[in-house]
Amino acid sequence: MHWADHTAMRLSKQYDSQVIASGITPSGEFHIGHLREILTAEMIHRACLDAEIDSEYIFIVDSMDPLRRVYGFLSEEYQEYIGYPLVNIPAPNPDGTPNHEGGNYANHFLQPFLEALKEIGVHPKVVMNHETYDSGDFATKIDLAIQNKDKIHEIIENISGRELPEEWFPYNPIGSDGSMDGVKVTGYEIPYVSWIDRHGVEGRSDIRKADGKMPWRVDWAARWGIHGITCEPAGKDHGASGGSFDTGIPICELLGSKPPGKMVYEWIQLKGSGPMSSSSGNTIGPIEALNLVPPEILRYIIARTKVKKHIDFDTGPSLFETADEYERLVSNPPSGDNLNKKKMVARDTILGSLRLSQVNRGDDPSKSIAGVSFRHLAMLAQIKSNDQDIWDSLNKSKHINGEPNLALIGRLSRMRNWIEGAHFPENARIKIQEKMNDENKEKITKEQRIFLLSLLTKLENCVWSESQISQLIRDTTKELEINPREGYVALYLLIIGRDYGPRIASIITELGKEETIQIFSKSF
RNA sequence: GGGUCUGUAGCUUAGUCAGGUAGAGCACCGGGCUUUUAACCCGGGGGUCGCGGGUUCGAACCCCGUCAGACCCGCCA
């Protein structure tokens with residue numbers, strides 16, 4: 001059974017209806033790591049719906065979280081905003097300076113991410129956490145937390161093993177300058193928390209407003225109750241023993257609610273360069289990823305991997321493999337009855353992955369079949385600049401019959417992006433040689449050499465079309481009575497520097513007469 | 001130091017929760033097709049399930065130990 005279906009089953013035994021949640025702090029550019037958070041939750045949500053379990057999926061944006069430091073992509077001017085809720089500070093310009101007309105910081109990073117989610121078929125109910133504070137929905141929990149301040153203090157110290165300062169308080173008010181840093185609580189009388197800030201200014205915060213927030217570990221536990229969350233997969237950082245999940249459970253209970261069960265997912269790493277991090281620039285954004293691969297394959301990458309396994313996201317060769325694997329499975333899904341238990345489980349797991357990879361819930365996976373492997377399309381896209389030529393070629397090779405479908409058109413345009421970008425795998429790249437290198441010259445026999453020279457004279461005076469060129473190659477091998485294979489190998493060595501490759505006549509046609517002849521004449 | 005997760009074929013992995021003959025794909029090798037598209041079709045080899053013990057009629061699966069990797073215990077998906 002697929003992990004999402006399994007989780008859905010488990011949840012249905014505990015609660016009648018589900019609220020599945022994700023939570024992310026919009027402190028910088030979103031990356032595909034965040035996509036795992038979102039998709040893990042969203043797939044469980046879909047699995048619930050598919051099992052006819054009532055379910056809602058919410059995405060809580062931690063817009064009240066303070067700016068913790070000046071990240072690498074920000075200018076020094078952000079120093080003054082440290083400690084401010086992200087929703088209250090200006091968005092950065094591309095150069096990192098604050099843009100006072102550009103809306104707030106949280107939204108700046110959130111909006112493009114939501115756009116990407118739409119394309120991936122994720123339509124969450126978005127909850128801006130600052131609005132939950134501002135609406136007063138947090139007030140009861142804040143009051144309870146303050147009343148139980150010592151117990152919460154103890155829970156955090158005991159479970160996380162970390163010492164909290166004496167003056168620790170389960171509510172951080174915003175001071176006179178807008179920052180939560182250096183604000184000391186001096187008293188509490190419902191609904192006001194009074195304080196003195198680092199400038200010596202005194203004031204009070206209304207717990208029914210966004211005048212402050214609870215610290216992370218308490219905030220998280222409180223919101224489980226406020227939204228009635230039954231499942232919130234958490235990154236393994238939160239899942240560690242003594243981490244915020246472990247402290248959240250008793251705190252949530254203390255605040256009068258039933259916590260969700262613990263569920264922890266592994267991180268996505270960029271192959272070879274460790275965990276993703278916006279500050280180190282070691283990141284691929286969801287938008288960038290969508291420019292390379294179709295959304296269903298992005299979903300498939302998450303769906304096919306068990307939650308507790310880490311994913312190496314590799315924009316190179318293994319992306320080809322995964323994409324082709326998807327294509328294969330979709331066009332030829334596992335089936336059959338009378339299987340033993342293990343095979344049935346395996347079959348259902350794969351079918352589950354395909355089902356959950358669909359952009360729209362309930363879509364027939366076969367609609368996303370492009371009918372061509374990524375590898376093959378990559379090759380065509382490199383040797384043919386005109387899309388129509390590619391459709392013609394695919395018709396000729398019987399990959400498609402007639403006009404290309406939408407899936408295929410979208411795939412080709414992404415393929416062209418991929419090829420142009422830095423992420424395209426080198427071994428799939430076709431490199432046209434300037435001339436034959438010495439190493440390859442040695443590989444060539446005398447007959448092959450004669451073949452190439454003879455072909456050259458024919459090419460100089462022919463009509464430049466693929467069928468003509470193809471014909472000339474075959475004619476020449478016949479005339480010289482050499483094995484056609486030998487002739488092709490010689491041509492491949494000459495033009496792309498390897499002894500095999502895609503249909504050579506296509507490449508030559510695409511190169512044009514002048515350039516082709518150049519390669520020939522520079523080589524001999 | 002304390003803890004969590006992961007370890008199955010060269011690579012990616014299914015199967016571990018409910019013990020019952022280790023199963024795929026990629027890659028590789030061989031064959032076919034033949035106008036050589038890196039396409040397509042057929043076949044094949046390849047696994048002491050990290051290691052050691054225990055429980056059991058029977059262990060990849062349960063228990064104990066051990067090794068390796070990743071991560072957490074301030075903030076991070």
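Chain naming here is simple, since letters A, B, ... match the order of the sequence lines and numbering starts at 1 in each.
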Under 4.0 Å between any heavy atoms, over every strand shown, what does [X] touch: base, sugar-phosphate, or nothing? Just pick one.
| X | result |
| --- | --- |
| Thr25(A) | sugar-phosphate |
| Leu380(A) | base |
| Arg36(A) | nothing |

Under 3.5 Å donor-acceptor pair, His238(A) side-chain atoms to C72(B) base atoms: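 Between C72(B) and His238(A), which were checked side chain against base, a qualifying N/O pair under 3.5 Å is absent.
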
Looking at the side chain of [X], which of [options] is the nearest nucleotide?
| X | options | answer |
| --- | --- | --- |
| Lys236(A) | A70(B), C72(B), A38(B) | A70(B) |
| Met379(A) | U37(B), C76(B), A14(B) | U37(B) |
| Trp216(A) | G15(B), G7(B), C75(B) | C75(B) |
| Arg304(A) | U12(B), C75(B), U6(B) | U12(B) |

N or O in side chain of Lys306(A) less than 4.0 angstrom from U13(B) OP1/OP2: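 For U13(B), neither OP1 nor OP2 has a side-chain N or O of Lys306(A) closer than 4.0 Å.
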
N or O in side chain of Lys308(A) less than 4.0 angstrom from A70(B) OP1/OP2: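 Result: no.
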
[X] [atom1] to [N] [atom2]: how many Å, rounded?
| X | N | atom1 | atom2 | answer |
| --- | --- | --- | --- | --- |
| Glu321(A) | G10(B) | CD | C1' | 12 Å |
| Ile268(A) | A70(B) | CD1 | C1' | 15 Å |
| Ile419(A) | A38(B) | CD1 | P | 16 Å |
| Glu325(A) | A27(B) | CD | P | 12 Å |
| Ile350(A) | U12(B) | CD1 | P | 18 Å |
| Asp312(A) | U13(B) | CG | C1' | 13 Å |
| Leu351(A) | A24(B) | CG | P | 16 Å |
| Arg328(A) | A14(B) | CZ | P | 16 Å |

[N] versus [M] - spacing of their [atom1] atoms, nearest Å:
| N | M | atom1 | answer |
| --- | --- | --- | --- |
| C42(B) | G65(B) | C1' | 49 Å |
| C67(B) | C29(B) | C1' | 35 Å |
| G74(B) | C26(B) | C1' | 43 Å |
| U8(B) | G50(B) | C1' | 10 Å |
| G47(B) | G23(B) | P | 13 Å |
| C62(B) | G1(B) | P | 27 Å |
| C61(B) | G52(B) | P | 12 Å |
| U13(B) | G7(B) | C1' | 12 Å |

Any sub-3.5 Å donor-acceptor pair from [X]'s side-chain atoms to [Y]'s backbone N or O?
| X | Y | result |
| --- | --- | --- |
| Glu266(A) | Ile311(A) | no |
| Ser63(A) | Met128(A) | no |
| Arg299(A) | Leu356(A) | yes |
| Trp391(A) | Gly402(A) | no |
| Thr476(A) | Leu472(A) | yes |
| Asn107(A) | Leu110(A) | no |

Tell me the partner of [N], counting only Watson-Crick (N1-N3 plus N6-O4 or O6-N4) or G-U wobble (N1-O2 and O6-N3) with both under 3.5 Å; none if nothing fits.
| N | value |
| --- | --- |
| G1(B) | C73(B) |
| C61(B) | none |
| A14(B) | none |
| A68(B) | U6(B) |

Residue whose closest nucleotide on RNA chain B lies nearer the 5' end, His310(A) versus Gln382(A):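 That would be His310(A).
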
Toward the 5' end of RNA chain B, by each residue's nearest nucleotide, Gly235(A) or Ile159(A):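 With Ile159(A) and Gly235(A) compared, the 5'-side residue is Ile159(A).
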
Residues Arg223(A), Asp219(A): salt bridge by 4.0 Å N-O rule: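 Asp219(A) and Arg223(A): salt-bridged.
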
